[in-house]
Protein chains: 2
Amino acid sequence: MLTNYSLVFQESNRQKSIVAAIKHAESLCMAENQNFTALRRLVFEIIWENSVPLGAYEVKGILSRKTNKSVDPPTVYRAIEFLMGLGLVTKISSLNAFIGCPFPSSTRSNFFMICNECKRVAEVSSSEIDNEIKSIAGKLSFASERQQIEIFGTCISCKTDK
Amino acid sequence: MLTNYSLVFQESNRQKSIVAAIKHAESLCMAENQNFTALRRLVFEIIWENSVPLGAYEVKGILSRKTNKSVDPPTVYRAIEFLMGLGLVTKISSLNAFIGCPFPSSTRSNFFMICNECKRVAEVSSSEIDNEIKSIAGKLSFASERQQIEIFGTCISCKTDK
DNA sequence: TCTTATAATGTTATATTATAACATATTAAT
DNA sequence: ATTAATATGTTATAATATAACATTATAAGA
Ligand SMILES: [Zn+2]
Ligand SMILES: [Zn+2]
Ligand SMILES: [Zn+2]
Ligand SMILES: [Zn+2]
């Protein structure tokens, strides 16, 4: 089980992981012959700096403030699309919002635990669930390609806060 | 494993199941002291008649044609919200579209297999996956409440069609 | 180095999805 | 009948996302 749960829900200092994430993004782009431009890097950082998924227009606002100029939607959506293509960012469909992927090179399922209270999202990668899905798909002759699993509930810190 | 897979991906005559679904919706509303009004019934039928999830504005269009009068968005969204509240209809978040739930009284997970080719959606309810999710959530002290699992791929009929 | 091709970004306009707020009508309860 | 509750009608607008085309930056070939 691969998880960034403690990072998201318990640790305070995320800075280290962000630096590592940027390094990883850079080398991934290098390897894929893709350009990690200033704009893409900025959007990556904005999304990564938040443990809460951001909507595209929130990213737009932050980007605008950071660069001191107005930003139009396509600018943001294109950068996000690029980052999603590399698996560096994932969309949480039920929130229309985007979150950094902590282990983009994993081929396993995206599996998000979303706290209804604090809105933070942790990603878990479970081979057991993966295998179970494959098994069911196999029985039904469904060729699965991609899956998105969103679990809503209450995280440990919000539970104990009450 | 509860599934409407063969219904969705293989059978041709869905009429029988729709009639049963309406019966079920009626008695559920009765039990919950909710009003299964003409409008709600129409929206329910429209969504149920399709094995493909419909967007709210598609429902709006069909509803408008069926009733020969113009329909405004809130009308549709309110009916859908009502049906979702009873578990009769589910939103496929990644498609912004709605589909009838074949076993609304099941307390288990929604688990959708979405064919990228024909867009049809089958629902599977697996206690194995449910338990695995509960187990992981337990380990992480995450109190899960609701989950949405969307598997994208190719269904058997689209696979053999090629 | 100049030219050309490719990739990335800027810009304007618009499409799509969803909700807020308030008015009216229908139904149920007193 | 009157009141309260529920449901629907209506208008306006918010929020999310993309299409289409112009411009700029970067890389590759001559
Ligand atoms: Zn991921
Ligand atoms: Zn929380
Ligand atoms: Zn269901
Ligand atoms: Zn298919």
Side-chain angles (χ1 to χ4, degrees), chain A residues 25-26 28-47 52-64 66-86 88-99 119 148, chain B residues 25-26 28-47 52-64 66-86 88-99 119 148:
Chain A
E26 275 172 348
L28 187 63
C29 284
M30 196 85 84
E32 302 268 336
N33 227 38
Q34 297 292 324
N35 221 329
F36 198 57
T37 63
L39 176 66
R40 289 165 176 174
R41 173 191 298 261
L42 264 171
V43 170
F44 180 85
E45 283 170 5
I46 288 168
I47 291 176
V52 168
L54 296 180
Y57 281 73
E58 289 178 284
V59 174
K60 175 177 172 292
I62 297 169
L63 184 57
S64 180
K66 284 205 176 191
T67 59
N68 275 311
K69 60 177 180 179
S70 85
V71 170
D72 296 306
T75 302
V76 172
Y77 280 101
R78 281 193 288 228
I80 288 174
E81 187 181 42
F82 173 85
L83 297 169
M84 293 215 314
L86 290 172
L88 296 166
V89 159
T90 312
K91 179 172 185 175
I92 309 290
S93 303
S94 43
L95 301 176
N96 292 321
F98 305 89
I99 189 88
K119 308 301 174 192
Q148 174 103 6
Chain B
E26 274 173 348
L28 187 63
C29 284
M30 195 86 85
E32 303 268 335
N33 227 39
Q34 297 293 325
N35 221 331
F36 198 55
T37 63
L39 176 67
R40 289 165 176 174
R41 174 192 298 262
L42 263 172
V43 170
F44 179 85
E45 282 170 5
I46 289 167
I47 291 176
V52 167
L54 296 180
Y57 282 74
E58 289 178 285
V59 173
K60 176 177 173 290
I62 297 169
L63 184 58
S64 179
K66 284 205 175 188
T67 58
N68 275 313
K69 58 178 180 177
S70 86
V71 170
D72 295 306
T75 302
V76 172
Y77 280 101
R78 281 193 288 227
I80 289 174
E81 189 181 41
F82 172 85
L83 297 169
M84 294 215 313
L86 290 173
L88 296 167
V89 158
T90 311
K91 179 172 185 176
I92 308 289
S93 303
S94 44
L95 301 176
N96 293 318
F98 304 88
I99 189 88
K119 308 299 175 194
Q148 174 103 6

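Naming convention: chains lettered A, B, ... in sequence-line order (proteins, then strands); numbering from 1 in each chain. Note that this is a predicted model, so its numbers are computed, not measured.
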_Candidate nucleotides D:dG9, C:dA18, D:dA17, ranked by approach to the side chain of A:F98 - the nearest_ = D:dA17
*Quick one: does A:I99's side chain get under 4.5 Å of A:K91's, heavy atoms only?*
no
*Under 4.0 Å between a side-chain N/O of A:T75 and OP1 or OP2 of C:dT11, yes or no?*
no
*Does a side-chain N or O from A:N96 land closer than 4.0 Å to OP1 or OP2 of C:dT17, or not?*
no
*Of the non-hydrogen atoms in A:I47 and A:L54, which two are nearest, and what is the gap between them?*
CA-CD1, 4.4 Å
*Taking the nucleotide of DNA chain C with the closest heavy atom to each, which residue, B:L95 or B:P74, is nearer the 5' end?*
B:L95
*asked:* Counting the atoms with a prime plus P, OP1 and OP2 as sugar-phosphate, which does B:K91 contact under 4.0 Å by heavy atoms, base, sugar-phosphate, or nothing?
replied: sugar-phosphate
*Measure the distance from OH on A:Y77 to C1' on C:dA15 and round it to the nearest whole Å.*
12 Å
_Rounded to whole Å, please give me the gap between CD1 in A:I92 and P in D:dT16._
15 Å
*Check whether any side-chain heavy atom of A:V43 sits under 4.5 Å from a side-chain heavy atom of A:R40, and report yes or no.*
no
_Rounded to whole Å, please give me the gap between CE in B:M84 and C1' in C:dT17._
13 Å
*With a 4.5 Å heavy-atom cut-off, do A:F36 and A:L83 have their side chains touching?*
yes
*Would you please test A:V71 and A:V59 for side chain to side chain contact (heavy atoms under 4.5 Å, CB included) and show each step?*
CA-CA 10 Å; A:V71 170; A:V59 174; over 6 Å; no
*How do B:K69 and A:N35 order along DNA chain D: which one's closest nucleotide is nearer the 5' end?*
B:K69
*asked:* Expressed as a whole number of angstroms, how long is the span from A:L54:CG to D:dA15:P?
replied: 16 Å
*May I have the distance from A:K60 (atom NZ) to C:dT11 (atom C1'), rounded to whole angstrom?*
13 Å
*With stacking defined as ring centroids separated by under 5.5 Å and planes differing by under 30°, is A:Y57 stacked against D:dT16?*
yes
*Tell me: CG of B:D72 to P of C:dA23, nearest whole Å?*
17 Å
*B:R78 side chain near D:dT6 phosphate (N/O to OP1/OP2, under 4.0 Å)*: no
_Rounded to whole Å, please give me the gap between CG in A:N33 and P in C:dA8._
10 Å
*State which of D:dA17, D:dG9, C:dA18 makes the closest approach to the side chain of B:P73.*
C:dA18
*Please report, rounded to the nearest Å, how far the C1' atom of D:dA17 is from the CD atom of A:E81.*
11 Å
